[in-house]
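Quick notes on the structure that follows.
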Amino acid sequence: MRLIQAGLLIICLSGLSRHALSADATHGAHSDSEDSDFTVMLIGHFDFNTVQLPNLAFSTGTIKGLSTVHASKITEFSKGDLLTTKCTVSSREEDGKPALMALCSNKTKYKDEYAIDCGRLTNIGDDGQGRAEFIGISGKFAEKKGICNYDAKYTQTSDKVFIRVHFDCKVDS
Amino acid sequence: MTSGLNRLEKIVKRSISLLLTTVCFSSVVHLQAADDHHSTGTNRVTLHATGLVVSSKVASDQATLSIATVEGLAEVHETTHPVLVSGLQFSVICTLTSIKRSDRSSGLETLCSLKDKFSNEIVVELQREATMGSDGHGFSKFYGVSGGKYAGINGSCEFDAQYMKNEDDLFVGVVMTCNLEDA
């Protein structure tokens, strides 16, 4: 009797863990972090130019698009809010060592503004993750500060390049 | 006295063991039922899309015809579908037509092609009573294109579109929730 019950328990527990694993796989890569105060997804049109020399490359670009609030614990944002986003981006690669800088301005329809200051060791056009600074500029974001983790991915459509950036931000209390 | 306690201990242990087995089985049966629902029934998927709108317009006294293309990206956000998983991304190209006549309501029709990085394609047909550039709610049809990964996945959707101007460029953000069935 005990052996049968132990066997049934093992089968049950393995079944439960399988369900837990498959649920994780289904909900995938960009589950919003529980630690963050808000998560935002930027999708923007990316326009850039590069000057390439033998040991030096310099690229500059602009991103224009919309940011959608995916989740928020702070009063300044609600899930589903849309903001316009404009970024200037530059990257310089010298002797095989790239460095990228980007500054993005985000505005609500009421012109409340915050900026995101990004930097990572990569070139323009390379997918990747990094850390950024959240800087409140005006309106309801004035005086706010924080830190964001982000994940950027480039995609080409017919003849245009678009970027998708997932920001996961924590605001200083 | 000691043998009485031992007997009581055995009864308690067996009861706990039986209870655990029952709870465990009911959980697995419940989860299995949920899985069966998803694999054979309807799955709910929410897509967030943003695109750059390039439009042109011809107007007369009686009517205004607008056409546009929208290019951008879409991402699966919330999902119960085993193939259309969260975080899955698509490049999006749409064509839009709207005609507004002075004597009747205007219709906006849109056909979008969504492709993943392996060029597996989905087509979405959107319709609403509106003019181009105006925010609003509408209905759409979702078709997985034959020959690809999404073949046989079809369904109906509702969406909200919101247009925003970013300096000289016009963008549209769409949140679309679909109930999908696998053929």
Side-chain angles (χ1 to χ4, degrees), chain A residues 1-2 4-16 18-20 22-32 41-45 47 62-68 70-71 79-86 105 107-109 151 153-164 166, chain B residues 13-14 17-18 20-32 34-35 38 48-52 54 69-93 113 115-117 135 160 162-169 171-175:
Chain A
M1 178 68 179
R2 277 188 186 166
I4 293 168
Q5 281 180 348
L8 287 173
L9 267 173
I10 289 165
I11 293 166
C12 275
L13 290 173
S14 67
L16 282 172
R18 183 179 60 81
H19 278 287
S22 67
D24 277 356
T26 303
H27 292 96
H30 296 297
S31 58
D32 300 327
M41 184 177 72
L42 158 67
I43 293 177
H45 176 225
D47 193 10
T62 57
I63 299 168
K64 275 195 268 182
L66 301 181
S67 291
T68 310
H70 273 186
K79 185 180 176 184
D81 283 356
L82 272 185
L83 299 99
T84 55
T85 300
K86 185 188 174 190
S105 158
K107 288 180 187 168
T108 68
K109 61 182 172 183
D151 181 10
K153 192 170 170 55
Y154 294 84
T155 301
Q156 180 140 10
T157 58
S158 59
D159 59 346
K160 293 183 175 66
V161 176
F162 284 84
I163 186 170
R164 191 279 287 134
H166 199 268
Chain B
K13 277 182 180 169
R14 276 187 191 166
S17 180
L18 270 170
L20 272 173
T21 312
T22 311
V23 168
C24 201
F25 258 108
S26 64
S27 302
V28 168
V29 166
H30 175 75
L31 286 169
Q32 195 58 54
D35 258 13
H38 292 322
H48 286 218
T50 298
L52 173 66
V54 179
T69 58
V70 175
E71 278 190 58
L73 302 179
E75 185 171 307
V76 176
H77 191 49
E78 288 155 357
T79 178
T80 61
H81 199 282
V83 177
L84 294 156
V85 295
S86 178
L88 185 62
Q89 287 161 42
F90 298 92
S91 62
V92 180
I93 296 180
S113 161
K115 285 184 183 168
D116 68 13
K117 62 181 175 182
D135 299 345
D160 285 294
Q162 196 175 338
Y163 288 82
M164 286 184 92
K165 204 159 190 184
N166 191 341
E167 297 193 336
D168 297 332
D169 296 327
F171 288 85
V172 61
V174 176
V175 178

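Letters A, B, ... mirror the listed sequences (proteins, then strands); counts begin at 1.
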Which one, B:G72, B:G51, B:A49, B:S91, leads in non-hydrogen pairs under 4.5 Å with chain A? B:G72
Give a yes or no on whether A:K86 atom NZ has more than 12 heavy-atom contacts from other residues, nucleotides or ligands under 6.0 Å away. no
Rounded distance (nearest 0.5 Å) linking atom CD of B:E75 with atom CZ of A:R164: 4.5 Å
So A:H70 and B:H77, would you call those rings parallel, tilted or perpendicular, with 30° and 60° as cut-offs? tilted
Would a 4.5 Å heavy-atom cut-off, applied to side chains only, mark A:F162 and B:L52 as touching? yes
Residue part contacting chain A, namely of B:L73, when any heavy atom lies under 4.5 Å: both
So, for A:L66 and B:G173, which heavy atoms are closest and what is the spacing to 0.1 Å? CD1-N, 3.7 Å
Nearest heavy atoms of B:H48 and A:T68, plus distance in Å: ND1-CG2, 3.7 Å
B:Q162, B:M164, B:K165: which one forms the most heavy-atom pairs within less than 4.5 Å of chain A? B:M164
B:D168, CG: over 12 other non-hydrogen atoms inside 6.0 angstrom: no
Sort B:K115 into side chain, backbone, both or neither according to what part of it lies under 4.5 angstrom from a heavy atom of chain A. neither
OG1 (A:T157) and CD (B:E71) are apart, to the nearest 0.5 Å, by 3.5 Å
Residue part contacting chain A, namely of B:V172, when any heavy atom lies under 4.5 Å: backbone
Which bit of A:L42 is near chain B, if near means a heavy-atom gap under 4.5 Å: side chain, backbone, both or neither? neither
From NZ (A:K107) to CG (B:N166), nearest 0.5 Å: 8.5 Å
According to side-chain hydrogen bond (donor to acceptor under 3.5 Å, both in side chains), who are the partners of B:T69, at least two apart in sequence or on a separate chain? none
Listed by chain and number, what are the side-chain hydrogen bond (donor to acceptor under 3.5 Å, both in side chains) partners of B:D135, not counting sequence neighbours? none
